[in-house]
> 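What follows is a single structure, and I will ask about it in a moment.
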Number of protein chains: 2
Amino acid sequence: MQETDPPPPEGRVPNLAFGGAPTIRDVARIADVSIGTASKALNAGGRLSQETRDKVLRVAREIGYRPNDLAQSLHRAKSRTIGIISNDSFGRFTFPIVEALEERLAEEGMAVFMCNATDDPARERQHLDQLLGKRIDALVVTARRADKRAPIGPLAHGLPVIYVFSQADDPNALSLLPDDEGGAVLAVAHLAALGRKRIAHVTGPEHFEAVRLRRKGYRSVLAEAGLPEIEGFYLSGVWSEAWGREAAARLFSGPQTPDAIFCGNDQIARGACDTLREIGLAIPADVAIVGFDNWDVMVLAARPPLTSIDMNLKALGREAGDSVLEMIAGRKLSGVRRRPCSLVVRASSKP
Amino acid sequence: MQETDPPPPEGRVPNLAFGGAPTIRDVARIADVSIGTASKALNAGGRLSQETRDKVLRVAREIGYRPNDLAQSLHRAKSRTIGIISNDSFGRFTFPIVEALEERLAEEGMAVFMCNATDDPARERQHLDQLLGKRIDALVVTARRADKRAPIGPLAHGLPVIYVFSQADDPNALSLLPDDEGGAVLAVAHLAALGRKRIAHVTGPEHFEAVRLRRKGYRSVLAEAGLPEIEGFYLSGVWSEAWGREAAARLFSGPQTPDAIFCGNDQIARGACDTLREIGLAIPADVAIVGFDNWDVMVLAARPPLTSIDMNLKALGREAGDSVLEMIAGRKLSGVRRRPCSLVVRASSKP
DNA sequence: TTGAAAGCGCTAACAA
DNA sequence: TTGTTAGCGCTTTCAA
């Protein structure tokens with residue numbers, strides 16, 4: 001490779017290491033100062049004549065010098081790098097989180113190694129090992145999981161670990177999660193405020209903690225508003241449109257029919273809408289609908305567009321970034337933190 | 001932090017660097033050999049007595065020694081790390097690619113830095129700079145882009161760069177893309193083989209190269225099959241269900257009506273299905289539909305489930321991984337490579 | 001104000 | 001078979 005490349009400008013012969021990236025030694029040699037002086041100039045520290053400083057900086061710019069973070073890290077015993085292990089294949093939920101987290105850390109000059117383990121413990125183990133080798137400063141574990149997971153490990157002594165959108169069976173760990181129960185409360189309270197009296201809840205599989213929490217929120221609002229929990233108005237199934245369609249059909253074939261449905265996700269909500277329209281019921285006039293996730297592709301394409309609960313995953317990711325930085329700075333954080341959801345009102349529940 | 005942690009087992013005092021991670025020096029000291037010997041034992045090289053080798057390995061395991069990749073990289077002048085810059089916010093298309101790429105590289109013990117630039121040149125520049133500092137061995141640029149992008153740069157001398165699902169105005173670069181034209185040919189040929197004679201094409205905005213290529217494929221099949229290009233049967237709009245619904249309505253209000261529609265993506269296809277069903281047309285009996293992307297959420301929820309073209313993005317990502325490895329090994333690769341799509345037949349076009 | 005040198009953790013060439 | 005040492009690129013202390 002080196003042979004076929006054109007010679008570097010000005011006849012200088014850079015180091016061959018790392019694709020010929022110039023080192024501080026090169027800078028020092030060309031600027032005709034010592035390495036120590038060059039370092040001082042480049043790091044804007046210490047006492048140095050303006051002249052020397054300028055000369056060094058000019059040379060550095062000219063030859064395209066970029067300090068080698070590997071060497072810096074080695075010296076500082078900090079890699080300024082973190083690892084993320086995902087078990088969701090970086091899916092729909094993990095993405096916004098990771099994106100915001102990466103953005104937050106990039107602001108501080110930290111970089112992110114991303115690893116996908118897809119729920120395979122062996123791969124998780126292998127990735128973790130690799131990350132430890134890279135001497136990451138912190139580890140973030142994320143996943144779309146039904147329930148608590150086994151804590152990751154064993155890890156380096158004192159390595160900060162944060163579980164986001166995921167929760168570990170470890171009292172010393174920090175978990176960041178959306179407040180599913182609060183989100184459900186927002187949704188159902190909204191429907192109740194609309195004057196709806198017969199509110200049904202169609203949701204996903206109960207082995208998801210989120211399903212249980214949202215149901216809890218649903219029930220608490222009913223109780224508080226003095227609304228009845230009607231037999232057959234709670235339906236647990238799967239996270240699909242097909243289930244939403246089926247569940248809606250079931251609801252409207254019973255002795256009592258709802259005037260509002262709170263759905264466990266947007267796909268279910270959209271399915272429900274389709275069935276209602278086919279039955280000839282008007283949304284929201286006859287039945288108001290609220291979904292969960294605020295997934296643009298679903299809520300906007302549904303007819304009518306869906307009111308939904310937004311889990312504010314980007315905010316969650318950003319906060320995870322903040323926590324990572326705090327923990328790297330030495331603070332010990334632990335416990336489960338649940339962050340508020342928000343209600344986004346659209347036509348499916350417009351008053 | 002160090003004070004509050006329990007003392008390490010067996011009263012040993014590990015180094016304080018990198019959170020107290022043991023070094024090869026620790027291993028050597030405890031195993032009572034020289035550092036060189038320890039290194040030889042750990043790297044399974046050189047001549048060494050089995051006894052010494054075993055002793056070193058045992059100690060290493062006991063104290064949880066993991067070589068410091070930073071130091072290794074510094075020495076080897078190879079970071080065994082690559083960077084990915086995405087401009088798609090790691091969206092629906094980028095994800096499977098990145099996932100497969102990461103998986104492929106992880107097999108070779110390489111790690112991946114992920115950076116999201118969301119089409120902001122300043123952030124892209126900043127990320128690139130950071131990655132160069134990390135001395136990545138190669139760079140992958142990915143995006144959901146309408147058209148060719150400006151080549152990334154300036155970069156380190158000789159750094160391999162690969163554009164995936166993205167294309168740069170740089171003849172020396174390697175681009176990996178799905179074969180949009182070929183995918184369209186698959187779709188339309190399938191419809192023609194079903195005996196359909198009046199095939200329409202509803203698609204996205206023409207400033208997407210993919211739209212132009214797919215139209216080209218569509219036309220070539222029509223020409224080859226001796227089918228007419230009927231006035232008003234090509235409709236370019238946006239990538240949404242709403243446009244699919246509208247376009248279908250338009251198609252069926254004209255003087256001539258199609259017996260098949262090839263859609264530029266699955267959302268358009270799904271929208272078209274909805275309109276057809278409302279008009280009272282049977283799919284595929286009256287009108288056969290084929291989508292593009294094979295996006296599970298769409299194709300499975302549509303009624304009927306959609307036949308679609310799969311861009312095989314995971315394969316693309318894996319191949320990108322292979323290319324990265326080749327280029328790191330020194331091979332120069334360049335040019336635009338388009339990889340085949342495949343046809344996935346479902347009810348919307350079942351014979 | 002500038003230079004010299006030690007050391008971060010590791011590998012590899014050479015010496016013993 | 002094992003030990004010693006130089007050096008990867010950088011920062012930092014100490015000396016000049």
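A, B, ... follow the sequence lines: proteins, then strands. Residue 1 opens every chain.
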> Would you say a side-chain N or O of B:Gln72 is under 4.0 Å from OP1 or OP2 of C:dT11?
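The answer is yes; a side-chain N or O of B:Gln72 sits under 4.0 Å from OP1 or OP2.
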> Provide, to the nearest angstrom, the distance between the NZ atom belonging to A:Lys78 and the C1' atom belonging to D:dT11.
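After rounding, the reported distance stands at 17 Å.
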> How is A:Thr52 classified with respect to the nucleic acid when contacts are heavy atoms under 4.0 Å: base, sugar-phosphate, or nothing?
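It contacts sugar-phosphate atoms only.
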> For A:Asn43 and for B:Arg47, locate the closest nucleotide of DNA chain D by heavy-atom distance; then report the residue assigned to the nucleotide nearer the 5' terminus.
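Its nearest nucleotide lies further toward 5', so the answer is B:Arg47.
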> What I want to find out is whether B:Arg66 reaches A:Asp129 closely enough, with some N-O distance under 4.0 Å, to be called a salt bridge.
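A:Asp129 and B:Arg66: salt-bridged.
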> Should A:Glu107 and A:Arg318 count as an ion pair when the cut-off is N to O under 4.0 Å?
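Looking at A:Arg318 together with A:Glu107, the answer is yes, because their closest N to O distance falls below 4.0 Å.
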> List the steps, then state whether side-chain contact (heavy atoms from CB on, under 4.5 Å) holds for A:Leu333 with A:Glu326.
CA-CA 8 Å; A:Leu333 305 177; A:Glu326 278 191 66; 4.2 Å; yes
> If each of B:Tyr65 and A:Arg53 is mapped to the nucleotide of DNA chain C with the nearest heavy atom, which maps nearer the 5' terminus, i.e. the 5' end?
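Upstream on the strand: A:Arg53.
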> What is the distance, rounded to the nearest whole Å, between atom CZ of B:Arg25 and atom P of C:dC10?
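To the nearest whole Å, that distance equals 9 Å.
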> Just the rounded figure in Å: distance from C1' of D:dT12 to CG of A:Leu48.
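Distance, rounded to whole Å: 14 Å.
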> As an exercise, state the distance from CE of A:Met110 to NZ of A:Lys78, rounded to the nearest 0.5 Å.
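Reported to 0.5 Å precision, the distance equals 8.5 Å.
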> Rounding to a whole Å, what distance do you find between B:Leu74:CG and D:dG9:C1'?
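In whole Å, D:dG9 C1' lies 5 Å from B:Leu74 CG.
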> Between A:Glu62 and A:Arg58, is there a side-chain N and carboxylate O pair less than 4.0 Å apart?
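Salt bridge present between A:Glu62 and A:Arg58.
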> In terms of side-chain geometry, is the basic nitrogen of A:Arg135 or B:Asp69 positioned less than 4.0 Å from the acidic oxygen of its partner?
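Salt bridge flag = no for B:Asp69 with A:Arg135.
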> Whole angstrom is fine here: how far is it from CG in B:Asp54 over to C1' in D:dT2?
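Between C1' of D:dT2 and CG of B:Asp54: 16 Å.
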> Can you measure A:Leu70 atom CG to C:dG9 atom C1' for me and round it to whole angstrom units?
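After rounding, the reported distance stands at 12 Å.
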> Whole-Å distance between C:dG9 P and A:Lys134 NZ?
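Nearest whole value for this atom pair: 17 Å.
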> For A:Asn68 and D:dC8, give me the distance from atom CG to atom C1', rounded to whole Å.
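That distance rounds to 9 Å.
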> Under 3.5 Å, which protein N or O atoms sit close to an N or O of nucleotides 3-7 of chain C? Give each pair with its distance.
| residue | atom | partner | partner atom | Å |
| --- | --- | --- | --- | --- |
| C:dG3 | OP2 | A:Ser34 | N | 2.7 |
| C:dG3 | OP2 | A:Ser34 | OG | 3.1 |
| C:dG3 | OP2 | A:Thr37 | OG1 | 2.8 |
| C:dG7 | N2 | A:His75 | ND1 | 2.9 |

> Hey, which sits more toward the 5' end of DNA chain D by its nearest nucleotide, A:Arg76 or B:Ser49?
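So the residue in question is B:Ser49.
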